[in-house]
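The first residue in the sequence is number 1, and the count goes up from there.
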Amino acid sequence: MPYPAEHHHLTKHKIIRSARRRFNRHGFDAVSIDDVMAGAGFTRGSFYTYFESKGDLYAEAVTDVLTEKQLLSSDGVSVDSRAVNNAAQFIRDYLSLEHFQDIDGSCPLIAFPTEVLRKEPRVRQAFETVLRVMIDVFEQALQRNGQAARNRARAIAALCVGGMVLARSMEDRTLADELREAAMDVALSLGPWPRTTSDKRDRSRNPEVRSLTSTAGDDARSADEVIE
C-alpha cells in the first residue's frame with residue numbers, strides 16, 4: 001500500500017531540516033548524504049526518491065528559511081508582509097543575539113560556500129531567491145517608493161547579512177556584538193521603524209557600543225543622498 005502524499009511531504013521536510021542544520025554547522029563539503037539521512041532518521045537508500053543530488057538538497061535547504069519565516073508560500077510566491085513592523089522585526093531577529101548564537105538554525109546566507117555557488121547553478125539561484133525576498137520585504141515596508149526605496153532596501157539587506165557574517169567571523173566577542181548591534185541600529189534608521197528598548201538591551205551594558213551606535217542614525221541620514 002503506497003504512502004499518502006502527506007507522508008512524502010513530511011519525510012522530505014525532515015530531510016531538509018536535517019541538512020540545513022548540518023550544512024550550517026559543518027559546511028557543504030564536510031556533510032555527506034549519509035550524515036543528512038541519519039540525522040533525519042532514514043537510510044541513504046531513500047534519498048534519491050526526494051532529491052536529485054546533494055546540490056539539489058542544499059538548494060532546498062537554503063530556501064527553507066523563507067517558508068520557516070513565512071516569507072515564501074508553499075507554491076513559491078513571495079508573501080506580502082504588509083505591516084511595516086514585520087520588516088522591522090525581521091531586522092531585529094536577523095541581527096539578534098539569538099540568531100548569532102543559533103548556528104544550526106541560522107540563515108544560509110551567513111555561511112555561503114563560494115565553491116558550491118560556483119559549481120552549482122541551482123544553489124546560486126536559491127541564494128539569490130533568499131536575498132531577493134529579503135529585499136522585497138524591506139521595499140514593501142518602504143512603500144515601494146521608487147528607486148530610492150529599492151536602493152535603501154538593498155542597503156538594509158546588505159547590513160543584515162554583512163553585519164552577521166562579520167560578527168560570526170570575529171574571535172573577539174565584544175567586537176562581534178558591537179558589529180552586530182551597529183548594523184542593526186543603522187538598518188533600522190534607514191526605514192520608518194522607531195527603535196525600541198529591546199534593540200538597545202545589550203548596548204546598555206557596553207558604553208563603547210552606545211558611543212559607536214548613538215550617531216548611527218545621523219550618519220545614515222547624512223548618507224541618504226548617496227544611497228538614493
Roughly how far, to the nearest 0.5 Å, is [atom2] of [Y] from [atom1] of [X]?
| X | Y | atom1 | atom2 | result |
| --- | --- | --- | --- | --- |
| Ser53 | Ile33 | OG | CD1 | 7.5 Å |
| Cys107 | His99 | SG | NE2 | 5.5 Å |
| Ile110 | Tyr94 | CD1 | OH | 4.0 Å |
| Glu178 | Leu166 | CD | CG | 13.0 Å |
| Thr129 | Arg124 | OG1 | CZ | 12.0 Å |

Self-check item: Asp35 side chain to Ser32 side chain, donor-acceptor N/O pair below 3.5 angstrom
Solution: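 A pair is found: one side chain offers a donor N or O, the other an acceptor, under 3.5 Å apart.
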Less than 4.5 Å apart, any side-chain heavy atom of [X] and any of [Y]?
| X | Y | value |
| --- | --- | --- |
| Phe47 | Val36 | no |
| Val123 | Phe28 | no |
| Leu10 | His7 | no |
| Phe100 | Arg173 | yes |
| Ile135 | Arg150 | yes |
| Ser106 | Arg168 | yes |
| Leu109 | Val165 | no |

Ignoring hydrogens and angles, tell me if any N or O in the side chain of [X] forms a donor-acceptor pair with the backbone of [Y] under 3.5 Å.
| X | Y | answer |
| --- | --- | --- |
| Arg20 | Asp104 | no |
| Arg180 | Leu95 | yes |
| Arg152 | Leu190 | yes |
| Arg25 | Arg21 | no |
| Thr11 | His8 | no |
| Ser18 | Lys14 | no |

Quiz item: Thinking salt bridges, do Asp136 and Arg132 make one under a 4.0 Å N-O criterion?
Solution: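 Salt bridge absent between Asp136 and Arg132.
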Least distance between heavy atoms, [X] atom then [Y] atom:
| X | Y | answer |
| --- | --- | --- |
| Val130 | Thr63 | CG2-CA, 4.2 Å |
| Ile91 | Ala187 | CG2-CB, 3.8 Å |
| Ala141 | Ala87 | CB-CB, 3.5 Å |
| Arg17 | Asp64 | NE-OD2, 2.6 Å |
| Arg92 | Met184 | O-CE, 3.8 Å |
| Met164 | Ser96 | CE-O, 3.8 Å |

Practice problem: Look at atom CD of Glu52 and say whether more than 12 heavy atoms of other residues, nucleotides or ligands are closer to it than 6.0 Å. | Solution: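 Counting neighbours around CD of Glu52, 12 or fewer heavy atoms of other residues, nucleotides or ligands fall under 6.0 Å, so no.
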Quiz item: Does Ile103 belong to the same Ile/Leu/Val/Met/Phe/Trp/Tyr cluster as Val62, with side-chain heavy atoms less than 4.5 Å apart forming each link?
Solution: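 In one cluster with Ile103: Val62, no.
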Exercise. Evaluate the ring planes of Phe23 and Tyr58, with Trp represented by its six-membered ring, and classify them as parallel (under 30°), tilted (30 to 60°) or perpendicular (over 60°).
Key: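 The rings of Phe23 and Tyr58 sit tilted, inter-plane angle from 30° to 60°.
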